[in-house]
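Working notes, beginning with the structure itself.
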Amino acid sequence: MREGSLEAPTRHALGWEDPAFYDEKGLFDELERVYDICHGCRRCVSLCDAFPTLFDLVDESETFEVDGVARDDYWKVVDQCYLCDLCYQTKCPYVPPHEWNVDFPHLMLRAKAIQFDKGERKISHRLLSNTKIQGKVASLPVVSTAINAAGRNKGLRKLMEKTLDVDVRATLPEFHSKTLRKRDRNRRPADLPAREAGSTSGRVALFTTCYCNVNTPDIGQDLIRIFEHNGIPVRLTSKEECCGMPKLEQGDLKTVDKYRRTNIPELIRLIDEGWDIVAAIPSCVLMFKQELPLMYPDDPDVQKVKANIYDPFEYLAHRHKEGLLNTEFKHGLGKVAWHVPCHQRVQNIGPKTRDILALVPDTEITMIERCSGHDGTYGVRAGTWERSQKIARPVRSRVQKTAAEYLVSDCPMAASQIAEGLELRHGETNPISLLRKAYGLD
Ligand code: SF4
Ligand code: SF4
């Protein structure tokens, strides 16, 4: 048996529509097989708490092997996985085509889907992952003010911990009643000639994303301003559901499927009209680039969206390669600590954010490739908040060591998790906002 595969990694389709996917005995047999391989390998021990949980269970068992671990305890490992995909994409030598065929994240996803199907996921987890309801309710003017105030009220936070499972110490995002869609309602895309560059058409439809729309509308506005400054007309999608990533993380694949039915036809309509798709949240881009294509390998529309959706800095890098990026910057940025979110890292596009920010004169960028520990609901839920802070600690200390003037992460949730407790000279924590500042755009 050779150690690791010499061939390029591939990935099998998820196979979630096959009844065998939901067979619990089949799941436990596969968990035992893969846990045993991981126990013999242990490369991933520092990535998250799923692996230390597994290795502790083995080391504390009577046999010191996976066969000594009670099958009921297998779930403890599943509960610590937030599907960042790092173990598959950056560490594991046993992924297909290796004959051991290890796909740890998708095995965890299968376990979560079975749990969800049996109604064993908590109702609070369903609510926390329902960005649609959160967005609709929280963007009402009075409600958003009340929710933001509640986030700072100790008594209400205790109630939220009891009812919603939100740790009383977790920092909650701001909700804006003036959403990105409302702010952009009367704007028309700039009347500019589309100029192709590489695979890009030079016209962008922004998949707004629930988070950018309601929690960080400024980032969406900054993106539009930068892109149009670079001669790229930008419009928003006409209709949109959540990308489905928060539901995927809960194993709620039926809702993922429901969202796909709205999103894919709209994105295909826009692509056929000559628009490329861009989204400012890495997890949403990954959903269309990887997770949906692996759920629907034979759906040509899903595959077409995969080929036409971009991370914002990946898009700007394509333009720069063809000499179409405006490199006249007005302000240097000094020392920037750039955290690479896991869901951007596993897109395998390279450090495009760094490449673009590095074009700004008088700018020094330190790249931090470690998980922030936020990971969707993991960083706010009672029971996992403490662990998420433990994961964030080394990232914070890396930022402190760089003496950076700015801390940025392409993922706004990761940025606020890392920034917690750090004294930073500047308030911008998103690289898109930083680029707007470097251009000197009002
Ligand atoms: S996908 Fe991420 S969270 Fe899950 S086991 Fe792998 S590294 Fe850990
Ligand atoms: S996922 Fe792969 S690299 Fe990580 S511990 Fe398991 S076998 Fe080793």
Side-chain angles (χ1 to χ4, degrees), residues 42-56 80-87 89-91 166-174 216 219 281-283 313 332-347 350-355 357-358 360 362-434 437:
R42 301 201 174 204
R43 276 181 181 82
C44 292
V45 69
S46 63
L47 287 183
C48 62
D49 257 17
F51 293 99
T53 301
L54 170 62
F55 304 146
D56 284 352
Q80 295 307 319
C81 172
Y82 33 73
L83 302 179
C84 72
D85 227 28
L86 278 189
C87 52
Q89 300 280 1
T90 68
K91 284 265 192 248
V166 174
D167 194 290
V168 73
R169 296 160 292 179
T171 307
L172 301 182
E174 286 277 312
T216 55
I219 294 173
I281 304 288
S283 301
F313 284 91
L333 297 168
K335 286 189 170 189
V336 179
W338 170 50
H339 167 258
V340 195
C342 305
H343 279 176
Q344 186 190 59
R345 208 171 144 194
V346 301
Q347 287 175 36
K352 296 293 185 283
T353 304
R354 184 205 55 194
D355 295 350
L357 288 181
V360 181
D362 304 319
T363 300
E364 184 189 324
I365 298 156
T366 304
M367 205 164 129
I368 303 177
E369 289 186 292
R370 254 192 109 130
C371 179
S372 73
H374 192 284
D375 303 290
T377 59
Y378 190 84
V380 295
R381 274 191 277 122
T384 51
W385 179 85
E386 197 98 47
R387 288 173 187 245
S388 90
Q389 292 301 308
K390 193 184 98 191
I391 296 169
R393 224 165 283 139
V395 185
R396 289 192 189 117
S397 81
R398 277 290 306 282
V399 177
Q400 273 168 330
K401 275 187 197 139
T402 65
E405 288 155 77
Y406 293 95
L407 154 73
V408 292
S409 173
D410 302 80
C411 171
M413 289 156 278
S416 62
Q417 163 98 339
I418 301 164
E420 185 82 41
L422 289 180
E423 284 190 15
L424 297 161
R425 197 174 302 166
H426 300 287
E428 292 86 353
T429 55
N430 191 279
I432 294 168
S433 310
L434 210 54
K437 194 170 183 179

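All values below were derived from every heavy atom in this structure, side-chain atoms included, with hydrogens, water molecules and symmetry-related copies excluded.
- A salt bridge links E405 to R425: one of the charged nitrogens lies within less than 4.0 Å of a carboxylate oxygen.
- Proximity of E364 to V336: side-chain heavy atoms (C-beta onward) are nowhere separated by under 4.5 Å.
- Counting heavy atoms from C-beta on, the side chains of P351 and V340 never come closer than 4.5 Å.
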From CA spacing to verdict: side chain to side chain contact (heavy atoms under 4.5 Å, CB included), Y378, Q80: CA-CA 8 Å; Y378 190 84; Q80 295 307 319; 2.5 Å; yes
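- When side chains are defined from C-beta on, L407 does not count as touching E428, because their heavy atoms never get closer than 4.5 Å.
- Taking 4.5 Å as the limit, some side-chain heavy atom of I219 sits within range of a side-chain heavy atom of I432.
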T53/R387 under side chain to side chain contact (heavy atoms under 4.5 Å, CB included): CA gap, chis, key distance, verdict: CA-CA 12 Å; T53 301; R387 288 173 187 245; 3.7 Å; yes
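- Using modelled atom types and a 3.5 Å distance limit, the side chains of E420 and T171 yield a donor-acceptor pair.
- Atom CG of D410 is separated from atom CD of Q347 by 9.0 Å, given to the nearest 0.5 angstrom.
- Atom-to-atom distance recorded for Q389:CD and T384:OG1 is 10.5 Å, nearest 0.5 angstrom.
- A 4.5 Å side-chain heavy-atom check between V399 and L422 finds at least one atom pair inside the cut-off.
- Judged purely by atom type and a 3.5 angstrom limit, H339 uses its side chain to pair as donor or acceptor with the backbone of R370.
- With F55 as the aromatic partner, R42 meets the cation-pi criteria of under 6.0 angstrom to the ring centre and within 45 degrees of the ring axis.
- Not counting sequence neighbours, R396 has no partner by the salt bridge (Lys or Arg N to Asp or Glu O under 4.0 Å) test.
- Between Q417 and A392, the closest heavy-atom pair is NE2-CB, 3.7 Å.
- When all heavy atoms are compared, the tightest approach of A170 to G379 is CB-O, 4.1 Å.
- To the nearest 0.5 Å, atom CG of residue D49 and atom CG of residue D56 are 9.0 Å apart.
- The backbone N or O of L333 sits less than 3.5 Å from a side-chain atom of T363, completing a donor-acceptor pair.
- Across H426 and Y406, no two heavy atoms sit closer than the pair CB-CE2, 3.2 Å.
- Residues A50 and C81 share a closest heavy-atom pair of CB-N, 4.3 Å.
- The CD1 atom of I391 sits 8.5 Å away from atom OG of S372, with the distance rounded to the nearest 0.5 Å.
- Remark: side-chain polar atoms of H343 are paired, donor with acceptor, to backbone N or O of L83 under 3.5 angstrom.
- Within the model, atoms OG1 of T402 and CD1 of I368 stand 6.0 Å from one another, a figure rounded to the nearest 0.5 Å.
- Ion pairing of D85 with R345 is absent here, as no side-chain N (NZ or NE/NH1/NH2) approaches a carboxylate O to less than 4.0 Å.
- Across T353 and P431, no two heavy atoms sit closer than the pair CG2-CB, 3.5 Å.
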Side chain to side chain contact (heavy atoms under 4.5 Å, CB included) assessment of Y82 paired with C48: CA-CA 9 Å; Y82 33 73; C48 62; 3.4 Å; yes
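- Closest approach of V395 to C371, counting heavy atoms only: CG2-O, 3.3 Å.
- For the pair W385/V380, no side-chain contact is recorded, criterion being any heavy-atom separation below 4.5 Å from C-beta on.
- Looking at heavy atoms from C-beta onward, F51 lies in side-chain contact with C87 at the 4.5 angstrom threshold.
- A 4.5 Å side-chain heavy-atom check between T366 and R398 finds at least one atom pair inside the cut-off.
- Once rounded to the nearest 0.5 Å, the distance linking NZ of K437 with OG of S433 reads 10.0 Å.
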